[in-house]
Structure formats: C-alpha cells, structure tokens
Amino acid sequence: DIYGIYKSAVAGTTTISNNTVGSASSANSLYASSQSTGNTQNVVGISNSGTGTIMISGNTIANLTNGSANTNTNTLGKINGIESANGTISVTNNNIHDLINGNAYIAASQYSSVCGISLYGSLQKTVTGNTVYNLSNTYDSFAGNVIGIFLTAGLGNRISANFIHDLSVALNSSAIISGIRAVSGSSTIDNNIVSLSGTNKTYFIGIYEIGAAGSYNNIYFNTVYIGGSQSSGSNFSAALYSESATN
C-alpha cells in the first residue's frame, strides 16, 4: 500500500492543509507498480483514522496510479484521493485529479475501486468547494464503481459547491459511475456541479442516494449534465437516482 499522508487512530484536532501529494502535471507520480494479481493493494493520497475534529483543506492530490491488475472481483484494490474513517470532518477546497486503477474489484462502498473523496463513520461530515476529475478504472470488463464523493455519516452533513467531472472506465465496462453517492446519514446536497459522459454501456448517475430509512437528504440547486453515445449495449442513466423509497 502507498499513503501520501496518513493520520493514525488517535484523538485530537488535526489540520492537513496546503499539501501536494503526487504531482499536478506528471503522470504516475505516486505509483504502486506491482500488478498485485493475488493480493490487496491500495493507494491513498490522504488517509485519516483519527478521532476528534479533522480539517483537510487546500490540498492537491493528483496523478496517483494503482498498478493492480487483479481480476478477482472480491479482492480489495482501491485508489482514493482523500479517505476518512473517523472524526467530525471538514474537507474543503481540495483539488483531486488523475487517479487511475486497473483491477476488477467490484464493491460499492467506501472501498470502491476508484473514489475521489471517501468519508465514512457515524459523525458529521462537511464536504465543500472541492474539485474532483479524471478518475478512471482501466480494467476492460470492469463492473464495479467509480465515485467522485462517497458518504456514510450521521446527521447534519453538507455536500456543497463541489465540481465533479470526467469520471471514466474502459470501453467494455458495465460499471456504475456516480458523481456523489450518499449511503447513510442525513445531508444537505446543494449547489454541486456534476458532469459525466462516455461511449460505453456504463450507468451514469449524477447524484445517487440509497434512500435508506432514516437517511433524509435535502437535494437543492445542483447542476447535472449526462451525455455521450454508446456503440452497443445499454444501461440507464440519471441526474438523480434514489434506490429505495424508505427515507
């Protein structure tokens, strides 16, 4: 595994700001080169396991590559720009781009194959002003998930004014590409811009909420563009998709 910045599971107030992890312009600047065909392999720009108040702001995380070529859909192998498992966290004004993974891992969770910002745990999350783009999985028959922002949380969350665009997979993929995926907790999701397009049979979903009981989301004033054309095959796309009606 490769971590650019890692905060261990200890309590306290933590600020991680104005760092560059990788390179803004050089491809594969942080590169896990092993194909890792039999084992897990993860690449993360900034990872937090600490508790307390966590602030991650103004960082650039770019040109990270996970060389994993594992074809087992159940063997973990992810790439994340920012991930946090604990704490009351604020993630603001970060620039995350050009994250590449090449394995078959299929999970639709905080361990998804490719994710710009992955936040989980039961405490409050604030995600504002971030730019996430050029995230891709290159495995030819990938059927997993590429996600701009992923959230599981408690009450009072805010996902606002983020710009997410150009998430992609290989031509033969039937993956799910989601700009924002809200799994649990109650959030206000407002004033985000999501732009997704492609030429394969992928599901494109601008804002994806699970719709679970107790997860009450206010979704206001977002701009979602979905475009492209397919040479063969089909799956549905949606600006907003709610998986269940129990919320």
Trainee: Can you find a pair of side-chain heavy atoms, one from Asn63 and one from His97, that are under 4.5 Å apart?
Mentor: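 Counting from C-beta outward, Asn63 and His97 do come under 4.5 Å.
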
Trainee: Verify the cluster assignment for Val146 and Ile205: are they in a single hydrophobic cluster under the rule of side-chain heavy atoms below 4.5 Å apart?
Mentor: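 In one cluster: no.
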
Trainee: Please round to the nearest 0.5 Å and tell me the distance separating atom CG of Asn59 and atom CD1 of Ile5.
Mentor: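 The distance works out to 6.0 Å.
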
Trainee: Going hydrophobic residue to hydrophobic residue with side-chain gaps under 4.5 angstrom, can you get from Leu196 over to Val224?
Mentor: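 Same cluster: Leu196 reaches Val224 through Ile, Leu, Val, Met, Phe, Trp or Tyr contacts under 4.5 Å.
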
Trainee: Each residue besides Ile106 in its hydrophobic cluster should be listed here, by chain and number; the cluster joins Ile, Leu, Val, Met, Phe, Trp and Tyr at side-chain heavy-atom distances under 4.5 Å.
Mentor: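 Members other than Ile106 - counting any ILVMFWY side chain reachable under 4.5 Å - there are none.
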
Trainee: Can you check whether Ser215's main-chain N or O pairs, donor with acceptor, with Asn247's side chain at less than 3.5 Å?
Mentor: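 Indeed, once roles are kept as given, a pair shorter than 3.5 Å links the two residues.
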
Trainee: For residues Gly87 and Lys125, report the shortest heavy-atom separation together with the two atoms involved.
Mentor: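 Where Gly87 meets Lys125 most closely, the heavy atoms are O-NZ, 4.2 Å.
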
Trainee: Can you confirm whether Gln35 is buried at CD, in the sense that more than 12 heavy atoms of other residues, nucleotides or ligands lie under 6.0 Å from that atom?
Mentor: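 Counting neighbours around CD of Gln35, 12 or fewer heavy atoms of other residues, nucleotides or ligands fall under 6.0 Å, so no.
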
Trainee: Just by distance, do the side chain of Ser112 and the backbone of Val114 share a donor-acceptor pair under 3.5 Å?
Mentor: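 Pair absent, no side-chain N/O of Ser112 close to backbone of Val114.
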
Trainee: What are the two closest heavy atoms between Leu30 and Val21, and how far apart are they?
Mentor: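 Smallest heavy-atom distance, with atoms named: CD2-CG1, 4.0 Å.
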
Trainee: Is there a path of hydrophobic side-chain contacts, each under 4.5 Å between heavy atoms of I/L/V/M/F/W/Y residues, joining Ile79 to Tyr105?
Mentor: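 No; Ile79 is not reachable from Tyr105 via cluster members.
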
Trainee: Tyr6: what forms a ring-ring contact (aromatic ring centres under 6.0 Å, His included) with it, not counting sequence neighbours?
Mentor: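 Applying ring-ring contact (aromatic ring centres under 6.0 Å, His included) to Tyr6 gives Tyr3.
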
Trainee: For Asp1, does its backbone N or O pair with a side-chain atom of Asn42 as donor and acceptor, under 3.5 Å?
Mentor: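 The answer is no, because no donor-acceptor pair under 3.5 Å joins these two groups.
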
Trainee: Which heavy-atom pair separates Glu209 from Ser242 by the least distance, and what is that distance?
Mentor: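 Heavy-atom minimum between the residues: OE2-OG, 2.8 Å.
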
Trainee: Provide the closest heavy-atom pair for Ser29 versus Ala62 in the form atom of the first, atom of the second, distance.
Mentor: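 So the two residues come closest at OG-O, 3.4 Å.
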
Trainee: So, does Asn103 use its side chain to make a donor-acceptor pair with the main chain of Gly77 at under 3.5 Å?
Mentor: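 Present.
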
Trainee: With distance as the sole test, does Ser49 use its side chain to make a donor-acceptor pair with the main-chain N or O of Ala9 at under 3.5 Å?
Mentor: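 Here the side-chain-to-backbone pair does not exist.
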
Trainee: Do Val44 and Val132 sit in one hydrophobic cluster, given that two such residues count as connected whenever their side-chain heavy atoms are within less than 4.5 Å of each other, even indirectly?
Mentor: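 No, separate clusters.
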
Trainee: Using modelled atom types and a 3.5 Å cut-off, is there a donor and acceptor pairing between side-chain atoms of Asn157 and backbone atoms of Thr126?
Mentor: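 No, the answer is negative, given that no donor and acceptor are paired below the 3.5 Å cut-off.
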
Trainee: For Ser186 and Tyr216, indicate whether the former's side chain and the latter's backbone hold a donor-acceptor pair under 3.5 Å.
Mentor: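 Between the backbone of Tyr216 and the side chain of Ser186 there is a qualifying donor-acceptor contact (under 3.5 Å).
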
Trainee: A side-chain contact here means heavy atoms from C-beta on lying under 4.5 Å apart; do Tyr139 and Asn101 qualify?
Mentor: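 A side-chain contact is absent here, since even the closest heavy-atom pair is not under 4.5 Å.
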
Trainee: Distance check, rounded to the nearest 0.5 Å: Ile180 atom CD1 versus Ile149 atom CD1?
Mentor: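 Reported to 0.5 Å precision, the distance equals 5.0 Å.
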
Trainee: What's the spacing between Leu155 CG and Ser187 OG if we round to 0.5 Å?
Mentor: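 Nearest 0.5 Å value for the CG-OG distance: 9.0 Å.
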
Trainee: Do Ile54 and Ile46 belong to the same hydrophobic cluster, where Ile, Leu, Val, Met, Phe, Trp and Tyr are linked whenever their side-chain heavy atoms lie under 4.5 Å apart, directly or via other members?
Mentor: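 Yes, it is one cluster - the side chains of Ile54 and Ile46 are joined through contacts under 4.5 Å.
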
Trainee: Testing Asn93, Asn192, Asn162, Thr92 one by one against Asn130 for a side chain to side chain donor-acceptor pair (under 3.5 Å), which residue passes?
Mentor: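 Testing Asn130 for a side chain to side chain donor-acceptor pair (under 3.5 Å) against Asn93, Asn192, Asn162, Thr92 leaves exactly one candidate, Asn162.
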
Trainee: For a quick test of reading the model, state the closest non-hydrogen atom pair linking Asn191 to Asn222 and the distance between them.
Mentor: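 Here Asn191 and Asn222 meet closest at N-OD1, 3.3 Å.
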
Trainee: If we check side chain to side chain donor-acceptor pair (under 3.5 Å) with Ser113, which of these qualifies: Asn145, Asn137, Thr73?
Mentor: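 Only one option passes, and that is Asn137.
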
Trainee: May I ask you to establish whether Arg181 and Phe150 are in a cation-pi arrangement, using a distance under 6.0 Å from NZ or CZ to the six-membered ring centre and at most 45° from the ring axis?
Mentor: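 Not flagged: Arg181 not positioned over aromatic ring of Phe150.
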
Trainee: When you measure from the side chain of Thr202 to the backbone N and O of Phe204, does any donor-acceptor pair fall under 3.5 Å?
Mentor: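 Between the backbone of Phe204 and the side chain of Thr202 there is no qualifying donor-acceptor contact (under 3.5 Å).
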
Trainee: Could you list the residues that satisfy ring-ring contact (aromatic ring centres under 6.0 Å, His included) with Phe163, not counting sequence neighbours?
Mentor: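 Partners of Phe163 under the ring-ring contact (aromatic ring centres under 6.0 Å, His included) test: His165.
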
Trainee: Can Ile61 and Asn94 be said to form a side-chain contact (heavy atoms from CB on, under 4.5 Å), step by step?
Mentor: CA-CA 8 Å; Ile61 302 163; Asn94 299 281; 5.7 Å; no

Trainee: Is it the case that Ser160 and Asp190 place a side-chain donor and acceptor less than 3.5 Å from each other?
Mentor: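 Yes, Asp190 and Ser160 have a side-chain donor paired with an acceptor closer than 3.5 Å.
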
Trainee: Classify the angle between the aromatic ring planes of Phe236 and Tyr241 as parallel (below 30°), tilted (30 to 60°) or perpendicular (above 60°).
Mentor: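 Phe236 and Tyr241: tilted rings.
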
Trainee: Please report the interatomic distance CG(Leu123) to CD1(Ile89), rounded to the nearest 0.5 Å.
Mentor: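 One finds 10.5 Å between CG of Leu123 and CD1 of Ile89.
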
Trainee: Drop me the distance from Lys7's NZ to Ile56's CD1, to the nearest 0.5 angstrom.
Mentor: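 Answer rounded to 0.5 Å: 10.5 Å.
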
Trainee: Assess the residue pair Asn95 and Tyr133 against the criterion (side-chain contact (heavy atoms from CB on, under 4.5 Å)); give the C-alpha distance rounded to whole Å, side-chain angles, the decisive distance to 0.1 Å, and a yes or no.
Mentor: CA-CA 9 Å; Asn95 191 10; Tyr133 64 98; 3.6 Å; yes

Trainee: Find the distance between OG (Ser90) and CG (Leu119) and round it off to the nearest 0.5 Å.
Mentor: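 One gets 10.0 Å once the value is rounded to the nearest 0.5 Å.
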
Trainee: Is a side-chain N or O of Ser136 found less than 3.5 angstrom from the main chain of Thr138, in a donor-acceptor match?
Mentor: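 Side chain of Ser136 to backbone of Thr138: no pair is present.
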
Trainee: To check you understand the geometry: which heavy-atom pair defines the closest contact between Gly211 and Thr246, and what is its length?
Mentor: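 The pair with the smallest heavy-atom distance is O-OG1, 2.8 Å.
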
Trainee: Are any side-chain N or O atoms of Ser109 and backbone N or O atoms of Tyr111, one a donor and one an acceptor, separated by less than 3.5 Å?
Mentor: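 Here the side-chain-to-backbone pair exists.
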
